[in-house]
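These notes concern the structure reproduced below.
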Amino acid sequence: MRGQFITFEGGEGAGKTTQAELLAKSLNNAGIETLLTREPGGTFGAEAIRDLVLSGTSDRWSGLTELLLMYAARLDHVEKLIRPALERGVWVISDRFADSSMAYQGYARRLGKEQVEDVHKAVLKDFAPDLTILFDLDPIMAMKRVETRGDEISRFDAESMDFHNTLRKAFANIAADNPERIVTVDADKPIEAVNTQILAAIIQKYPDLSGRLAVNDS
Ligand code: TYD
């Protein structure tokens, strides 16, 4: 049977990466072979594009160039890693996917919904996640997390608070447009509480997993 494709989306500092690792562990422990990956990146070629797109000043690329770079990376990722894994029956969790292009390039960088949808169709046809978990968090809380993590500030983290507020609204709109695919979790909670919300969403979508998914320590 084909594997399931699950994506994690949201603004910066929402805790997606930690939660993606926890979910991958829970699924693997439940006997489901699971692959954890991320965007932009995930394959050798896509990681090289990631370096190009995430470094430098925020005006390094136009919005459209940025969108095309994201989709060049995404096509490599889907063709070489995601689709073959799903066909082998492996479940794939990606830390970000196409909704990030819609939120960042479509809304925040103002390319518009239609242009992003057109590029998606041209590159990936109707390929889409089976389930998307959206991490919703006030950008002020998120920036505090990014600061305390001591992460290197990427080109995107350095954007203004307005940009991050726009992004939050963008993701909320995308979730409203795709209610059957996207489940929003309240990310302004301790790690365990967010993990519980995610496992509940997984069980709601895959009732057969009820009783098989255990909470893990990070
Ligand atoms: P990353 O350090 O992985 O951020 P995070 O931990 O918040 O996921 O950097 C990825 C950045 O790339 C992030 O700012 C969002 C941005 N991005 C886009 O603008 N468009 C896209 O299509 C994708 C996948 C990411």
Side-chain angles (χ1 to χ4, degrees), residues 1-12 14 16-21 23-24 27-28 32-109 111-135 151-152 154-157 159 167 170-171 174 178 181-182:
M1 232 175 57
R2 184 184 171 274
Q4 293 293 299
F5 182 34
I6 300 170
T7 57
F8 280 21
E9 296 280 6
E12 327 278 311
K16 290 187 299 355
T17 309
T18 306
Q19 294 293 340
E21 284 165 6
L23 177 61
L27 289 170
N28 276 317
I32 297 170
E33 191 185 339
T34 306
L35 178 78
L36 185 55
T37 185
R38 69 165 179 184
E39 288 212 345
T43 57
F44 185 75
E47 289 289 333
I49 297 173
R50 177 188 174 92
D51 286 343
L52 275 179
V53 85
L54 293 190
S55 60
T57 55
S58 64
D59 59 356
R60 181 176 184 192
W61 307 109
S62 76
L64 182 55
T65 308
E66 207 168 80
L67 180 71
L68 296 172
L69 286 169
M70 293 297 179
Y71 269 91
R74 182 162 302 131
L75 181 59
D76 196 64
H77 192 203
V78 169
E79 280 181 338
K80 294 196 179 133
L81 190 76
I82 299 175
R83 217 194 294 267
L86 295 175
E87 279 164 8
R88 288 198 313 273
V90 173
W91 287 36
V92 177
I93 301 172
S94 186
D95 186 349
R96 295 194 182 281
F97 191 66
D99 295 322
S100 282
S101 296
M102 182 58 87
Y104 283 79
Q105 282 70 49
Y107 283 83
R109 294 211 188 274
L111 283 183
K113 211 163 143 174
E114 211 170 289
Q115 192 157 24
V116 179
E117 283 171 357
D118 286 350
V119 171
H120 186 97
K121 270 191 214 113
V123 176
L124 288 179
K125 312 277 185 299
D126 60 355
F127 184 82
D130 297 293
L131 174 68
T132 296
I133 306 287
L134 170 60
F135 288 62
D151 283 6
E152 196 184 313
S154 78
R155 201 160 74 73
F156 290 90
D157 291 326
E159 297 285 351
L167 266 179
F171 276 118
I174 297 167
N178 297 276
R181 173 173 63 84
I182 303 182

Inset, instruction - Could you tell me which residues satisfy side-chain contact (heavy atoms from CB on, under 4.5 Å) with Leu167, sequence neighbours excluded, listed by chain and number? - result: Ala103, Tyr104, Ala108, Phe163, His164, Phe171
Inset, instruction - Only counting residues at least two apart or in another chain, list the ones meeting salt bridge (charged side-chain N to carboxylate O under 4.0 Å, His left out) with Glu33. - result: none
Legend entry - side-chain hydrogen bond (donor to acceptor under 3.5 Å, both in side chains) partners of Thr34, counting only residues at least two apart: none
Legend entry - With sequence neighbours excluded, residues passing side-chain contact (heavy atoms from CB on, under 4.5 Å) with Asp118: Glu114
Legend entry - Value rounded to 0.5 Å, distance of CD1 in Ile93 from CD in Glu21: 10.0 Å
Inset, instruction - Give, for atom CG of Leu64 and atom CG of Leu69, the distance between the pair rounded to the nearest 0.5 Å. - result: 9.5 Å
Legend entry - Pairing residues for Thr7 by the side-chain hydrogen bond (donor to acceptor under 3.5 Å, both in side chains) criterion, not counting sequence neighbours: Thr132
Legend entry - Which residues share a ring-ring contact (aromatic ring centres under 6.0 Å, His included) with Tyr107, sequence neighbours left out: none
Inset, instruction - Would you give the length of the straight line joining atom CD1 of Ile82 to atom CG of Leu86, rounded to the nearest 0.5 angstrom? - result: 7.5 Å
Inset, instruction - Tell me, please, which residues at least two apart from Arg38 pass side-chain contact (heavy atoms from CB on, under 4.5 Å). - result: Glu47, Arg50, Asp95
Legend entry - Contacts of Asp130 that satisfy salt bridge (charged side-chain N to carboxylate O under 4.0 Å, His left out) - sequence neighbours left out: Arg2
Legend entry - Heavy-atom donor-acceptor pair, Arg96 side chain to Pro40 backbone, under 3.5 Å: no
Legend entry - Residue pair Arg60 / Thr65, side-chain heavy-atom distance below 4.5 Å: no
Legend entry - Validation row: Asp99, Leu134 side chains within 4.5 angstrom (heavy atoms): no
Legend entry - Test side-chain hydrogen bond (donor to acceptor under 3.5 Å, both in side chains) applied to Glu9 - qualifying residues, sequence neighbours left out: Ser100
Legend entry - Residues which pass salt bridge (charged side-chain N to carboxylate O under 4.0 Å, His left out) with Arg88, listed by chain and number, not counting sequence neighbours: none
Inset, instruction - Please examine the side chains of Gln4 and Leu131, heavy atoms only from C-beta on, and report whether any two atoms are closer than 4.5 Å. - result: no
Inset, instruction - Would you mind listing every side-chain hydrogen bond (donor to acceptor under 3.5 Å, both in side chains) that reaches into residues 77-87, with sequence neighbours excluded? - result: Thr37-His77, Glu39-His77, Asp76-Lys80
Legend entry - Separation of His120 NE2 from Asp126 CG (nearest 0.5 Å): 7.5 Å
Legend entry - Close side-chain approach of Arg74 to Val119, heavy-atom, < 4.5 Å: no
Inset, instruction - Could you tell me the separation between the CD1 atom of Ile174 and the OG atom of Ser101, rounded to the nearest 0.5 Å? - result: 9.5 Å
